[in-house]
Amino acid sequence: MIDPLYISAFLMGLIGSGHCIAMCGGIASSLQLASDKRKTLTYSFAYNTGRAISYMLAGSLVAGISSQFAKQNTSFSVTLSFIAAIFMLLVGVYIMRLGPTLQWLEKVGKTLIWQHIIKLNKYLMPVDSTVKAIGYGALWGWLPCGLVYSALTWAMTSPTAFDGAMVMLCFALGTFPAMITVGITAQKLNSIINHPWTRIALGSVIIWYGIYLLIIATDKLVH
């Protein structure tokens, strides 16, 4: 049976892909302007593969570290479950556009991480090979994003580094349809994803799962 957390991560990536297009769409579009049109899809897929690799690396790191603490301290595991549940609720509210619940995370990430990583950008320009496209995607995979950080809090609750990587892979795969087909197809997909009823329906699924996680975490705390 597929872990519900994987499904939730995929749905968050899918619904949040409109946010991804806003943040990375310009970059993805530029990769599709290669002089050799046959490389357009190749570069686009390579870029997004690089993003997925960075997400998986981050997921494996946070899950690997947190799982070690969780083995030594049961209360730590319960705390992580509460944090993951709360972030799931925040994501649901964000997806339903009921409030800017994740912007503060992006500000923190920009200050602590992104301002240092972006300096590596000069070594990958111009993006004129598949290897550079993968590297470019891997670099921009660390772009401060509230949705990515929220997915990482879910990955933190995973029992192993591998499971954490899989959570982030599912999240990345959810963003692939829109990011790889930036252009007319992506605009049509984005219009469907951003339809109010679509956002309400899928945002509600994530919120209800967040409530479920809160109930599970509370039960662990009580017992």
Side-chain angles (χ1 to χ4, degrees), residues 1-17 19-20 23-24 45-73 76-92 94-95 101-102 104-106 108-110 112-114 116-118 120 134-180 202 205-206 209-210 212-213 216-217:
M1 181 178 178
I2 300 177
D3 191 326
L5 192 58
Y6 292 171
I7 298 175
S8 296
F10 178 83
L11 285 177
M12 184 172 74
L14 181 65
I15 303 304
S17 58
H19 182 67
C20 295
M23 296 186 72
C24 305
F45 186 79
Y47 167 80
N48 285 284
T49 297
R51 274 196 315 115
I53 290 173
S54 287
Y55 293 168
M56 292 175 68
L57 175 60
S60 65
L61 285 174
V62 299
I65 294 172
S66 64
S67 63
Q68 294 304 311
F69 283 102
K71 290 178 181 178
Q72 301 174 15
N73 191 334
F76 181 81
S77 177
V78 175
T79 299
L80 286 182
S81 296
F82 270 110
I83 292 174
I86 290 172
F87 270 95
M88 193 164 286
L89 294 176
L90 292 177
V91 168
Y94 177 84
I95 286 176
T101 55
L102 301 176
W104 62 276
L105 269 179
E106 296 174 359
V108 172
K110 182 178 181 180
L112 298 180
I113 302 175
W114 185 239
H116 304 293
I117 293 179
I118 189 58
L120 300 175
I134 293 175
Y136 201 51
L139 175 65
W140 282 83
W142 297 95
L143 178 70
C145 174
L147 289 176
V148 174
Y149 294 160
S150 297
L152 284 174
T153 65
W154 303 356
M156 286 176 65
T157 65
S158 300
T160 67
F162 176 79
D163 291 317
M166 289 301 99
V167 169
M168 296 309 294
L169 174 60
C170 290
F171 171 78
L173 291 177
T175 68
F176 267 40
M179 291 299 293
I180 290 180
L202 294 177
V205 171
I206 292 178
Y209 188 57
Y212 169 75
L213 288 182
I216 296 298

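- In this structure, the side-chain contact (heavy atoms from CB on, under 4.5 Å) partners of Leu11, at least two apart in sequence or on a different chain, are Ile7, Leu202, Val205.
- Remark: Leu61 engages Leu57 in a side-chain contact (heavy atoms from CB on, under 4.5 Å) (not counting sequence neighbours).
- Between Leu89 atom CG and Ser150 atom OG the span is 11.0 Å, to the nearest 0.5 Å.
- Among pairs with a residue in residues 151-160, those fulfilling side-chain hydrogen bond (donor to acceptor under 3.5 Å, both in side chains) read Thr160-Asp163, at least two apart in sequence or across chains.
- Considering CG of Leu147 and CZ of Phe87, their distance stands at 11.5 Å, rounded to 0.5 Å.
- Listed by chain and number, the residues in a side-chain hydrogen bond (donor to acceptor under 3.5 Å, both in side chains) with Thr49 amount to none (sequence neighbours excluded).
- No side-chain N or O of Arg51 forms a donor-acceptor pair with one of Tyr47 less than 3.5 Å apart.
- Ser54 places a side-chain N or O within 3.5 Å of a backbone atom of Ala138 that can act as its donor or acceptor partner.
- The side-chain contact (heavy atoms from CB on, under 4.5 Å) check on Met56 picks up Ala165, Met166, Leu169, with sequence neighbours excluded.
- Closest heavy-atom contact between Ala172 and Ala52: CB-CB, 3.8 Å.
- Every residue meeting the side-chain contact (heavy atoms from CB on, under 4.5 Å) condition with Tyr149, not counting sequence neighbours, appears here in chain and number order: Leu105, Ile113, Pro144, Leu152.
- Interatomic distance, Trp142 CH2 to Tyr55 OH, rounded to the nearest 0.5 Å: 10.5 Å.
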